[in-house]
Amino acid sequence: MFESYLPILILLTLAVVIGVVMSNVNAWFGPKRPSEEKSSTYESGMKPVRNARERVSVKYYMVALLFIIFDIEVVFLYPWAVNFRALGVAGYIEMFSFMLFLFVGYIYMLKKGVFRWD
């Protein structure tokens, strides 16, 4: 019975070994010369303006989450666009209601002032 699980055990062992090696290869073989400039914050080649530990407004995170949500929702439009003719009128009505639902959510967020950075 052990022989039937042997390939799975070998695969799991190999996956763990490769994961550990790939995660630590830089620490094992890379140069270890830390300096103040290497440890400083990098902001697109400019001098850091503020401290990295500073609090950020919740609106920043809200806009980021909304972007991700709407970006993921747009992904659902691609299969519909590919199969547009095959879905017929029922598919058109369903996708229209889906886009209407997204548009209502966008208007709601606009009215709530989520996109204002005051």
Side-chain angles (χ1 to χ4, degrees):
M1 182 163 172
F2 178 71
E3 293 143 0
S4 62
Y5 290 107
L6 188 62
I8 296 173
L9 183 65
I10 292 171
L11 184 65
L12 286 175
T13 306
L14 188 63
V16 169
V17 168
I18 288 175
V20 169
V21 168
M22 291 296 179
S23 297
N24 294 314
V25 73
N26 188 35
W28 294 333
F29 300 113
K32 295 165 186 66
R33 294 185 294 267
S35 68
E36 184 179 337
E37 187 171 342
K38 287 181 183 177
S39 299
S40 69
T41 307
Y42 179 75
E43 291 185 8
S44 303
M46 301 181 332
K47 295 280 184 194
V49 181
R50 293 177 269 180
N51 186 1
R53 306 278 184 249
E54 189 173 302
R55 289 181 176 241
V56 179
S57 173
V58 173
K59 289 196 178 234
Y60 174 80
Y61 295 107
M62 289 298 295
V63 170
L65 285 173
L66 292 173
F67 173 76
I68 290 171
I69 288 170
F70 276 96
D71 194 40
I72 291 171
E73 297 298 337
V74 168
V75 170
F76 288 114
L77 294 175
Y78 286 111
W80 173 75
V82 170
N83 295 324
F84 177 72
R85 292 179 200 234
L87 294 175
V89 177
Y92 180 75
I93 292 171
E94 288 177 17
M95 192 49 64
F96 182 76
S97 63
F98 176 72
M99 289 190 292
L100 183 66
F101 182 72
L102 288 179
F103 185 69
V104 168
Y106 178 76
I107 296 299
Y108 173 77
M109 291 182 296
L110 199 61
K111 295 286 183 185
K112 284 297 235 183
V114 173
F115 302 118
R116 279 191 235 124
W117 288 89
D118 302 35

Can you give me the closest heavy-atom contact between Pro7 and Ser4, atom names plus distance?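 Residues Pro7 and Ser4, closest heavy atoms: CD-O, 3.7 Å.
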Looking only at non-hydrogen atoms, find the nearest pair between Leu9 and Phe2 and report the distance. CD2-CZ, 4.0 Å
Pairwise distance [atom1]([X]) to [atom2]([Y]) - rounded to 0.5 angstrom:
X: Ile72; Y: Phe67; atom1: CD1; atom2: CZ; value: 10.0 Å
X: Glu73; Y: Tyr106; atom1: CD; atom2: OH; value: 15.5 Å
X: Ile69; Y: Leu102; atom1: CD1; atom2: CG; value: 10.5 Å
X: Leu100; Y: Ile93; atom1: CG; atom2: CD1; value: 13.0 Å
X: Leu14; Y: Ile10; atom1: CG; atom2: CD1; value: 9.0 Å

When you look at OH of Tyr92, are more than 12 heavy atoms from neighbouring residues, nucleotides or ligands closer to it than 6.0 Å? no
For Phe98, does the CZ atom have more than 12 heavy-atom neighbours from other residues, nucleotides or ligands under 6.0 Å away?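 Above 12, so yes.
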Honestly curious: do [X] and [Y] fall in one hydrophobic cluster under the side-chain, below-4.5 Å linking rule?
X: Met99; Y: Leu110; result: yes
X: Leu65; Y: Met109; result: no
X: Phe103; Y: Ile68; result: yes
X: Phe101; Y: Leu87; result: no
X: Phe96; Y: Ile107; result: no

Check whether Asn24 reaches the backbone of Val20 with its side chain - one donor and one acceptor, N or O, closer than 3.5 Å.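 Yes.
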Using atom types as modelled and distance alone, determine if a side-chain donor or acceptor of Ser97 lies under 3.5 Å from a backbone N or O of Glu94.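 Looks like yes, one N/O pair under 3.5 Å.
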